[in-house]
Amino acid sequence: MKRFSIPIILGSIRTGRASSRVAEFMKRRLRETGRVDTEVIDLREAALPMMEERLRFLPDPPARVVEFGETIARADAIVIVSPEYNGGYPGVLKNAIDYLLREYRRKPVGIVTVSSGTFGGIRVLEQLRDVMFATGAIPIPASLPVSRVQDLFEEDGSLKDASFEGRAGKFLDELFWYTEAISDMKEKERHDSA
Ligand SMILES: Cc1cc2nc3c(=O)[nH]c(=O)nc-3n(C[C@H](O)[C@H](O)[C@H](O)COP(=O)(O)O)c2cc1C
């Protein structure tokens with residue numbers, strides 16, 4: 001069975017953030033499949049400077065921006081975990097996304113939205129789908145809204161409520177379906193042009 005690289009972009013850098021719990025859960029869940037190399041790209045740790053120019057036009061890019069670009073370039077698919085702030089996704093996430101373009105092309109993107117309220121950050125879903133679609137990525141139709149994140153996850157990302165396991169499983173099955181289909185197609189293209 002093919003192995004895939006699926007990094008998780010964590011779009012919350014807030015002090016006391018809870019979206020990190022969801023990112024940790026997704027990381028563990030992806031690793032448990034035994035077929036995915038993954039890491040959390042924590043935008044707090046990455047501390048990317050405000051984007052004044054895209055990575056490919058920077059003559060002397062900061063190492064952390066280069067590293068971000070390389071991780072996304074290597075990826076077969078991407079998971080984004082984003083909180084909802086005032087009905088949208090955080091600026092720090094858009095700042096990171098805008099550094100790159102070709103690195104996203106034809107890559108499935110699974111979007112997990114997080115809220116402390118009851119609507120699972122669902123307003124972020126369509127907005128991020130639009131943005132990722134504009135980069136040439138392929139946002140998958142499946143969604144994974146997380147409501148009342150503090151009641152659902154412990155700080156280390158373990159589940160307080162096991163019912164989420166099934167929802168996450170269905171979401172990841174969909175992500176794998178697109179990842180596998182697109183990866184097969186890319187392989188066929190390489191083969192045909194060889
Ligand atoms: C500036 C700000 C705005 C927020 N706006 C919303 C919102 O529009 N809708 C919502 O459901 N939750 C909102 N929240 C609550 C977040 O859903 C909550 O903090 C949740 O834990 C996810 O974000 P976190 O990773 O920062 O913890 C907001 C939180 C902050 C800090």
Side-chain angles (χ1 to χ4, degrees), residues 6-32 36 38-51 64-65 67-68 71-72 75 77-100 104 107-135 137 139-172 174-175:
I6 309 182
I8 301 162
I9 303 177
L10 169 58
S12 170
I13 64 167
R14 187 179 67 84
T15 309
R17 64 190 173 178
S19 301
S20 47
R21 304 177 186 197
V22 184
E24 279 303 307
F25 170 83
M26 295 303 287
K27 181 177 84 179
R28 197 153 57 231
R29 198 62 183 65
L30 283 167
R31 285 187 177 163
E32 275 168 12
V36 175
T38 188
E39 62 184 291
V40 175
I41 303 174
D42 181 346
L43 295 182
R44 181 198 281 171
E45 280 171 23
L48 306 180
M50 287 301 282
M51 202 285 298
R64 47 198 200 269
V65 178
E67 194 186 329
F68 175 62
T71 305
I72 299 298
I78 301 159
V79 169
I80 299 178
V81 175
S82 174
E84 180 175 304
Y85 289 167
N86 298 318
Y89 56 88
V92 71
L93 179 56
K94 186 68 160 66
N95 186 63
I97 289 170
D98 289 344
Y99 267 108
L100 311 177
Y104 302 115
K107 293 187 180 172
V109 181
I111 297 168
V112 184
T113 57
V114 184
S115 168
S116 53
T118 48
F119 297 111
I122 202 72
R123 288 182 286 185
V124 163
L125 180 64
E126 292 307 325
Q127 296 173 22
L128 264 180
R129 276 182 175 158
D130 272 355
V131 167
M132 294 317 294
F133 192 70
T135 69
I140 65 166
S143 58
L144 190 56
V146 176
S147 302
R148 298 197 187 284
V149 58
Q150 66 285 357
D151 298 337
L152 204 51
F153 292 92
E154 304 284 0
E155 260 180 51
D156 66 357
S158 55
L159 281 177
K160 291 183 183 178
D161 175 353
S163 68
F164 189 76
E165 189 62 53
R167 290 177 54 213
K170 282 184 189 159
F171 175 83
L172 288 177
E174 283 296 296
L175 183 67

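Computed from a predicted model, the values in this text were never measured in an experiment. Whatever order the structure lists them in is the order used to number ligands and atoms, beginning at 1.
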ask   = At their closest point, which heavy atom of L128 faces which heavy atom of S82, and how far apart are they?
value = CD1-CB, 3.9 Å
task = Could you tell me whether R64 and E67 have a side-chain N and a carboxylate O separated by less than 4.0 Å?
result = no
Kindly list each side-chain donor-acceptor pair under 3.5 angstrom involving residues 15-23, sequence neighbours excluded, with atom names and distances?
unit_1, atom_1, unit_2, atom_2, d
R17, NH1, S12, O, 2.8
R17, NH1, D42, OD1, 2.9
R17, NH2, D42, OD2, 2.8
R21, NH1, F153, O, 2.9

Contact list for residues 107-130, test ring-ring contact (aromatic ring centres under 6.0 Å, His included), sequence neighbours left out = none
note = Near ligand 1 (heavy atom, under 4.0 angstrom), the protein residues are S12, R14, R17, A18, S19, P83, E84, Y85, N86, G87, V114, S115, S116, R123, V149
task = Apply ring pair (Phe, Tyr, Trp, His ring centres under 6.0 Å) to F68 and list each qualifying residue two or more places apart in sequence or on a separate chain.
result = none
ask   = Can you name the nearest heavy-atom pair linking I97 to M132, along with the distance?
value = CD1-SD, 3.9 Å
